[in-house]
Amino acid sequence: MATRVLQSSCSVLYQAKHGHFTAVIRGLSASNNRNREDSWFKSLFVRKVDPRKDAHSHLLAKKEDNNLYKIQFHNVKPECLEAYNTLCAEVLPSIHRDSGYPCELVGTWNTWYGEQDQAVHLWRYRGGYPALTEVMNKLKSNKDFLEYRKERGKMLLSRRNQLLLEFSFWNEPVPRDGPNIYELRSYQLRPGTMIEWGNYWARAISYRQHNREAVGGFFSQIGDLYMVHHLWAYKDLQSREDTRNAAWQHEGWDEVVYYTEVDRGGCTPGFLLGRKG
(Lines give C-alpha, C1' and ligand atoms only; values in the text may rest on other atoms or scores of the structure.)
Protein backbone atom coordinates (compact mmCIF):
# COMPACT_ATOMS: atom_id res chain seq x y z
CA MET A 1 0.00 0.00 0.00
CA ALA A 2 1.30 3.44 -0.92
CA THR A 3 1.54 6.08 1.79
CA ARG A 4 1.82 9.84 1.42
CA VAL A 5 2.16 12.66 3.97
CA LEU A 6 0.66 16.13 3.76
CA GLN A 7 1.24 19.49 5.40
CA SER A 8 -1.59 21.89 6.04
CA SER A 9 -1.82 25.14 4.14
CA CYS A 10 -4.10 26.95 6.56
CA SER A 11 -4.57 26.60 10.33
CA VAL A 12 -8.35 26.20 10.54
CA LEU A 13 -9.38 23.09 12.44
CA TYR A 14 -12.29 24.65 14.22
CA GLN A 15 -10.44 27.98 14.32
CA ALA A 16 -7.93 26.02 15.31
CA LYS A 17 -5.12 24.09 16.53
CA HIS A 18 -1.77 23.33 15.02
CA GLY A 19 -1.12 19.77 13.99
CA HIS A 20 -0.49 17.35 11.17
CA PHE A 21 -2.58 14.87 9.26
CA THR A 22 -2.06 11.32 7.89
CA ALA A 23 -4.22 9.31 5.49
CA VAL A 24 -4.20 5.73 4.31
CA ILE A 25 -6.69 4.24 1.84
CA ARG A 26 -7.47 0.56 1.81
CA GLY A 27 -9.85 -1.83 0.09
CA LEU A 28 -12.25 -4.16 1.91
CA SER A 29 -14.53 -6.93 0.79
CA ALA A 30 -16.95 -9.02 2.84
CA SER A 31 -17.35 -12.76 2.76
CA ASN A 32 -20.80 -14.19 2.25
CA ASN A 33 -19.76 -17.40 4.00
CA ARG A 34 -19.02 -16.49 7.63
CA ASN A 35 -18.34 -19.40 9.98
CA ARG A 36 -19.79 -19.87 13.43
CA GLU A 37 -16.91 -18.03 15.08
CA ASP A 38 -17.68 -14.99 12.94
CA SER A 39 -21.36 -15.08 13.90
CA TRP A 40 -20.50 -15.45 17.57
CA PHE A 41 -18.05 -12.56 17.41
CA LYS A 42 -20.49 -10.21 15.68
CA SER A 43 -23.12 -10.99 18.32
CA LEU A 44 -20.89 -9.27 20.87
CA PHE A 45 -21.33 -5.85 19.29
CA VAL A 46 -23.05 -3.23 21.37
CA ARG A 47 -24.89 -1.87 18.36
CA LYS A 48 -25.95 -3.91 15.35
CA VAL A 49 -28.06 -2.88 12.38
CA ASP A 50 -30.05 -4.94 9.90
CA PRO A 51 -29.11 -4.10 6.30
CA ARG A 52 -32.59 -4.97 5.08
CA LYS A 53 -34.54 -2.35 7.01
CA ASP A 54 -33.40 1.02 5.64
CA ALA A 55 -30.83 2.97 3.63
CA HIS A 56 -27.24 3.17 4.89
CA SER A 57 -27.64 6.90 5.51
CA HIS A 58 -30.51 6.21 7.95
CA LEU A 59 -29.04 3.15 9.62
CA LEU A 60 -25.47 4.39 10.15
CA ALA A 61 -25.62 8.21 10.36
CA LYS A 62 -26.32 10.32 13.42
CA LYS A 63 -30.01 11.02 13.97
CA GLU A 64 -29.61 13.97 16.33
CA ASP A 65 -27.37 16.00 14.01
CA ASN A 66 -28.08 16.95 10.44
CA ASN A 67 -24.49 17.49 9.38
CA LEU A 68 -23.13 16.96 5.90
CA TYR A 69 -19.40 16.96 5.14
CA LYS A 70 -17.52 17.64 1.93
CA ILE A 71 -13.94 16.50 1.41
CA GLN A 72 -11.95 18.01 -1.45
CA PHE A 73 -8.73 16.71 -3.01
CA HIS A 74 -6.79 19.23 -5.13
CA ASN A 75 -3.69 18.20 -7.08
CA VAL A 76 -1.60 21.35 -7.38
CA LYS A 77 1.13 22.19 -9.90
CA PRO A 78 4.40 21.81 -7.94
CA GLU A 79 5.58 25.32 -8.76
CA CYS A 80 2.24 26.78 -7.58
CA LEU A 81 1.85 25.10 -4.19
CA GLU A 82 3.08 28.02 -2.09
CA ALA A 83 0.89 30.49 -4.00
CA TYR A 84 -2.06 28.11 -3.73
CA ASN A 85 -1.65 27.85 0.05
CA THR A 86 -1.49 31.63 0.36
CA LEU A 87 -4.61 32.04 -1.76
CA CYS A 88 -6.55 29.50 0.33
CA ALA A 89 -5.44 31.15 3.58
CA GLU A 90 -6.76 34.49 2.37
CA VAL A 91 -10.21 33.31 1.26
CA LEU A 92 -11.37 30.06 2.90
CA PRO A 93 -11.18 31.17 6.56
CA SER A 94 -13.32 34.22 5.75
CA ILE A 95 -16.11 31.90 4.59
CA HIS A 96 -15.64 29.82 7.72
CA ARG A 97 -16.03 32.91 9.94
CA ASP A 98 -18.99 34.43 8.10
CA SER A 99 -22.20 33.57 10.00
CA GLY A 100 -24.14 34.04 6.78
CA TYR A 101 -22.72 30.76 5.50
CA PRO A 102 -23.96 27.65 7.37
CA CYS A 103 -20.62 25.87 6.91
CA GLU A 104 -17.33 25.37 8.75
CA LEU A 105 -13.84 24.64 7.48
CA VAL A 106 -12.90 21.66 9.65
CA GLY A 107 -9.37 21.45 8.28
CA THR A 108 -7.11 22.08 5.29
CA TRP A 109 -3.88 20.20 4.59
CA ASN A 110 -1.05 19.50 2.12
CA THR A 111 0.45 16.07 1.42
CA TRP A 112 3.64 15.12 3.27
CA TYR A 113 4.31 11.56 2.10
CA GLY A 114 2.84 9.62 -0.78
CA GLU A 115 1.16 11.64 -3.51
CA GLN A 116 2.93 14.98 -3.47
CA ASP A 117 1.66 18.53 -4.07
CA GLN A 118 -1.88 17.71 -3.03
CA ALA A 119 -4.24 19.79 -0.88
CA VAL A 120 -7.13 18.33 1.13
CA HIS A 121 -10.00 20.41 2.56
CA LEU A 122 -12.78 19.17 4.86
CA TRP A 123 -15.99 21.24 5.21
CA ARG A 124 -19.00 20.72 7.47
CA TYR A 125 -22.51 21.94 6.56
CA ARG A 126 -24.84 22.26 9.54
CA GLY A 127 -28.29 21.62 8.14
CA GLY A 128 -27.41 18.94 5.60
CA TYR A 129 -28.15 19.28 1.91
CA PRO A 130 -30.21 22.51 2.25
CA ALA A 131 -27.21 24.13 3.97
CA LEU A 132 -24.90 22.97 1.17
CA THR A 133 -27.28 24.37 -1.44
CA GLU A 134 -27.52 27.69 0.42
CA VAL A 135 -23.74 28.01 0.60
CA MET A 136 -23.24 27.15 -3.06
CA ASN A 137 -25.88 29.68 -4.14
CA LYS A 138 -24.35 32.45 -2.01
CA LEU A 139 -20.85 31.73 -3.31
CA LYS A 140 -22.07 32.39 -6.86
CA SER A 141 -22.31 36.08 -5.95
CA ASN A 142 -19.26 36.23 -3.67
CA LYS A 143 -16.72 38.25 -5.69
CA ASP A 144 -13.78 37.20 -3.53
CA PHE A 145 -14.64 33.53 -3.91
CA LEU A 146 -15.18 33.84 -7.67
CA GLU A 147 -11.77 35.47 -8.02
CA TYR A 148 -10.27 32.77 -5.79
CA ARG A 149 -11.78 30.04 -7.96
CA LYS A 150 -10.47 31.70 -11.12
CA GLU A 151 -6.92 31.96 -9.74
CA ARG A 152 -7.13 28.48 -8.25
CA GLY A 153 -7.96 27.01 -11.63
CA LYS A 154 -4.63 28.23 -12.99
CA MET A 155 -2.77 26.32 -10.26
CA LEU A 156 -4.48 22.91 -10.33
CA LEU A 157 -3.80 19.78 -12.32
CA SER A 158 -7.00 18.03 -11.20
CA ARG A 159 -9.52 17.95 -8.38
CA ARG A 160 -12.24 15.71 -6.94
CA ASN A 161 -14.59 15.69 -3.97
CA GLN A 162 -17.03 13.58 -1.96
CA LEU A 163 -20.06 14.31 0.20
CA LEU A 164 -19.94 12.43 3.51
CA LEU A 165 -22.09 11.60 6.52
CA GLU A 166 -20.87 10.89 10.06
CA PHE A 167 -21.07 7.44 11.61
CA SER A 168 -23.38 7.54 14.63
CA PHE A 169 -20.83 5.85 16.92
CA TRP A 170 -18.01 8.36 16.22
CA ASN A 171 -17.59 11.68 18.00
CA GLU A 172 -18.06 14.87 16.04
CA PRO A 173 -14.69 16.58 15.41
CA VAL A 174 -14.06 19.19 18.12
CA PRO A 175 -11.20 21.61 18.85
CA ARG A 176 -8.32 20.17 20.82
CA ASP A 177 -5.09 21.49 22.26
CA GLY A 178 -2.11 21.23 19.94
CA PRO A 179 0.16 20.81 18.30
CA ASN A 180 -1.11 17.50 16.90
CA ILE A 181 -0.77 15.39 13.80
CA TYR A 182 -3.98 14.25 12.10
CA GLU A 183 -4.25 10.95 10.30
CA LEU A 184 -6.97 10.18 7.76
CA ARG A 185 -7.33 6.48 7.03
CA SER A 186 -9.61 5.90 4.04
CA TYR A 187 -11.03 2.53 3.03
CA GLN A 188 -12.61 1.44 -0.24
CA LEU A 189 -15.36 -1.06 0.62
CA ARG A 190 -17.00 -3.46 -1.76
CA PRO A 191 -20.74 -2.91 -2.34
CA GLY A 192 -22.83 -4.55 0.35
CA THR A 193 -20.24 -4.39 3.16
CA MET A 194 -21.02 -0.97 4.67
CA ILE A 195 -23.44 -2.26 7.32
CA GLU A 196 -21.01 -5.01 8.32
CA TRP A 197 -18.22 -2.43 8.60
CA GLY A 198 -20.42 -0.27 10.81
CA ASN A 199 -21.23 -3.20 13.08
CA TYR A 200 -17.56 -4.02 13.56
CA TRP A 201 -16.46 -0.45 14.24
CA ALA A 202 -19.36 0.36 16.56
CA ARG A 203 -17.59 -1.90 19.02
CA ALA A 204 -13.99 -1.36 17.89
CA ILE A 205 -14.05 2.41 18.43
CA SER A 206 -14.06 1.84 22.21
CA TYR A 207 -10.54 0.41 21.91
CA ARG A 208 -9.27 3.62 20.31
CA GLN A 209 -10.55 6.30 22.69
CA HIS A 210 -8.03 6.00 25.53
CA ASN A 211 -5.76 8.79 24.26
CA ARG A 212 -8.59 10.76 22.65
CA GLU A 213 -7.12 9.86 19.28
CA ALA A 214 -10.49 9.25 17.57
CA VAL A 215 -11.57 12.52 15.88
CA GLY A 216 -14.28 11.59 13.37
CA GLY A 217 -15.62 8.82 11.16
CA PHE A 218 -17.43 9.33 7.84
CA PHE A 219 -18.87 7.37 4.91
CA SER A 220 -19.45 8.67 1.40
CA GLN A 221 -22.85 9.57 -0.04
CA ILE A 222 -21.98 11.30 -3.33
CA GLY A 223 -18.75 11.04 -5.29
CA ASP A 224 -16.63 7.90 -4.84
CA LEU A 225 -19.13 5.50 -3.26
CA TYR A 226 -18.49 2.83 -0.62
CA MET A 227 -15.69 4.94 0.88
CA VAL A 228 -15.05 5.21 4.63
CA HIS A 229 -12.79 7.83 6.23
CA HIS A 230 -11.48 7.63 9.81
CA LEU A 231 -9.81 10.76 11.23
CA TRP A 232 -7.31 10.40 14.11
CA ALA A 233 -5.16 12.84 16.09
CA TYR A 234 -1.80 12.24 17.76
CA LYS A 235 0.80 14.39 19.47
CA ASP A 236 3.46 13.29 17.00
CA LEU A 237 4.48 10.31 14.88
CA GLN A 238 6.00 8.43 17.81
CA SER A 239 2.81 8.93 19.82
CA ARG A 240 0.90 7.56 16.85
CA GLU A 241 3.10 4.47 16.80
CA ASP A 242 2.76 3.91 20.55
CA THR A 243 -1.01 4.44 20.55
CA ARG A 244 -1.61 2.08 17.64
CA ASN A 245 0.58 -0.60 19.20
CA ALA A 246 -1.23 -0.21 22.54
CA ALA A 247 -4.56 -1.07 20.88
CA TRP A 248 -3.32 -4.64 20.42
CA GLN A 249 -3.22 -5.03 24.21
CA HIS A 250 -7.03 -4.79 24.39
CA GLU A 251 -8.88 -8.07 24.12
CA GLY A 252 -10.96 -8.15 20.95
CA TRP A 253 -8.94 -5.63 18.91
CA ASP A 254 -7.12 -8.39 17.02
CA GLU A 255 -10.47 -9.90 16.03
CA VAL A 256 -11.76 -6.57 14.78
CA VAL A 257 -8.68 -6.12 12.60
CA TYR A 258 -8.92 -9.68 11.32
CA TYR A 259 -12.59 -9.57 10.38
CA THR A 260 -12.34 -6.18 8.64
CA GLU A 261 -9.25 -7.13 6.62
CA VAL A 262 -9.24 -10.89 6.04
CA ASP A 263 -11.34 -10.59 2.86
CA ARG A 264 -10.03 -7.21 1.78
CA GLY A 265 -10.07 -6.46 -1.94
CA GLY A 266 -7.56 -4.46 -3.96
CA CYS A 267 -6.00 -1.41 -2.31
CA THR A 268 -6.23 2.14 -3.59
CA PRO A 269 -3.30 4.56 -3.04
CA GLY A 270 -2.89 5.80 0.53
CA PHE A 271 -1.54 9.10 1.79
CA LEU A 272 -0.27 10.86 4.89
CA LEU A 273 -1.28 14.46 5.52
CA GLY A 274 0.10 17.11 7.85
CA ARG A 275 -1.04 20.37 9.36
CA LYS A 276 1.16 23.39 9.92
CA GLY A 277 0.41 26.41 12.07
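These numbers were taken from a predicted model, which means no experiment stands behind them.
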side-chain contact (heavy atoms from CB on, under 4.5 Å) for T243 and R240? Distances and angles first, verdict last. CA-CA 5 Å; T243 300; R240 170 187 178 273; 6.0 Å; no
Expected output: side-chain [X] to main-chain [Y] donor-acceptor under 3.5 Å:
| X | Y | value |
| --- | --- | --- |
| R126 | E104 | no |
| N137 | T133 | yes |
| Q221 | Q162 | no |

Could you walk me through whether D117 and K77 satisfy the side-chain contact (heavy atoms from CB on, under 4.5 Å) test, starting with their C-alpha distance in whole Å, then the side-chain angles of each, then the deciding distance to 0.1 Å, before giving a yes or no? CA-CA 7 Å; D117 306 311; K77 297 176 182 177; over 6 Å; no
Between [X] and [Y], what is the shortest heavy-atom contact and its length?
| X | Y | answer |
| --- | --- | --- |
| S220 | D224 | OG-O, 2.8 Å |
| H250 | A246 | CD2-O, 3.6 Å |
| Y84 | A119 | CE2-CB, 3.4 Å |
| G216 | P173 | CA-CG, 4.3 Å |

Evaluate the side-chain proximity of M194 to V228: yes if any heavy-atom separation is below 4.5 Å, no if none is.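 Yes, their side chains come closer than 4.5 Å.
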Does R185 come within less than 4.0 Å of E183, counting only side-chain N to carboxylate O?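 Salt bridge flag = yes for E183 with R185.
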How about [X] and [Y]: are their ring centres within less than 6.0 Å of each other?
| X | Y | answer |
| --- | --- | --- |
| H230 | W201 | yes |
| F167 | F218 | no |
| H74 | W109 | no |

Which residues pass the salt bridge (Lys or Arg N to Asp or Glu O under 4.0 Å) test with E241, sequence neighbours left out?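 With sequence neighbours excluded, E241 shows a salt bridge (Lys or Arg N to Asp or Glu O under 4.0 Å) to no residue whatsoever.
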Could you check N75 against Q118 for side-chain hydrogen bond (donor to acceptor under 3.5 Å, both in side chains), going step by step and ending with a plain yes or no? CA-CA 4 Å; N75 293 316; Q118 185 180 72; 3.0 Å; yes
Check the pair Y101 / N142 against side-chain hydrogen bond (donor to acceptor under 3.5 Å, both in side chains), numbers first and verdict last. CA-CA 11 Å; Y101 292 90; N142 184 321; 3.0 Å; yes
Which of these passes side chain to side chain contact (heavy atoms under 4.5 Å, CB included) with W123: I95, V135, V106?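 The residue from I95, V135, V106 that satisfies side chain to side chain contact (heavy atoms under 4.5 Å, CB included) with W123 turns out to be I95.
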Run the side-chain hydrogen bond (donor to acceptor under 3.5 Å, both in side chains) check on R203 and Y207 step by step: do they pass? CA-CA 8 Å; R203 180 180 182 226; Y207 302 133; 3.1 Å; yes
Could you give the distance from OG (S186) to CE (M227), rounded to the nearest 0.5 Å?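 Going from OG on S186 over to CE on M227, the span is 5.0 Å.
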What is the distance from atom CH2 of W197 to atom CD1 of I195, rounded to the nearest 0.5 Å?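 Those atoms lie 13.5 Å apart.
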Return yes when atom CD of E251 has more than 12 non-hydrogen atoms of other residues, nucleotides or ligands closer than 6.0 Å, and no otherwise.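 Atom CD in E251 is not crowded, with 12 or fewer foreign heavy atoms closer than 6.0 Å.
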E151, CD: over 12 other non-hydrogen atoms inside 6.0 angstrom: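 Yes, because the 6.0 Å sphere around CD of E151 holds more than 12 heavy atoms from other groups.
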Are [Y] and [X] connected in a single hydrophobic cluster, I mean Ile/Leu/Val/Met/Phe/Trp/Tyr linked by side-chain heavy atoms less than 4.5 Å apart?
| X | Y | value |
| --- | --- | --- |
| L68 | M136 | yes |
| Y187 | L225 | yes |
| Y226 | I222 | yes |

Test side-chain contact (heavy atoms from CB on, under 4.5 Å) on Y69 and L122 and set out the steps. CA-CA 7 Å; Y69 289 80; L122 181 63; 4.2 Å; yes
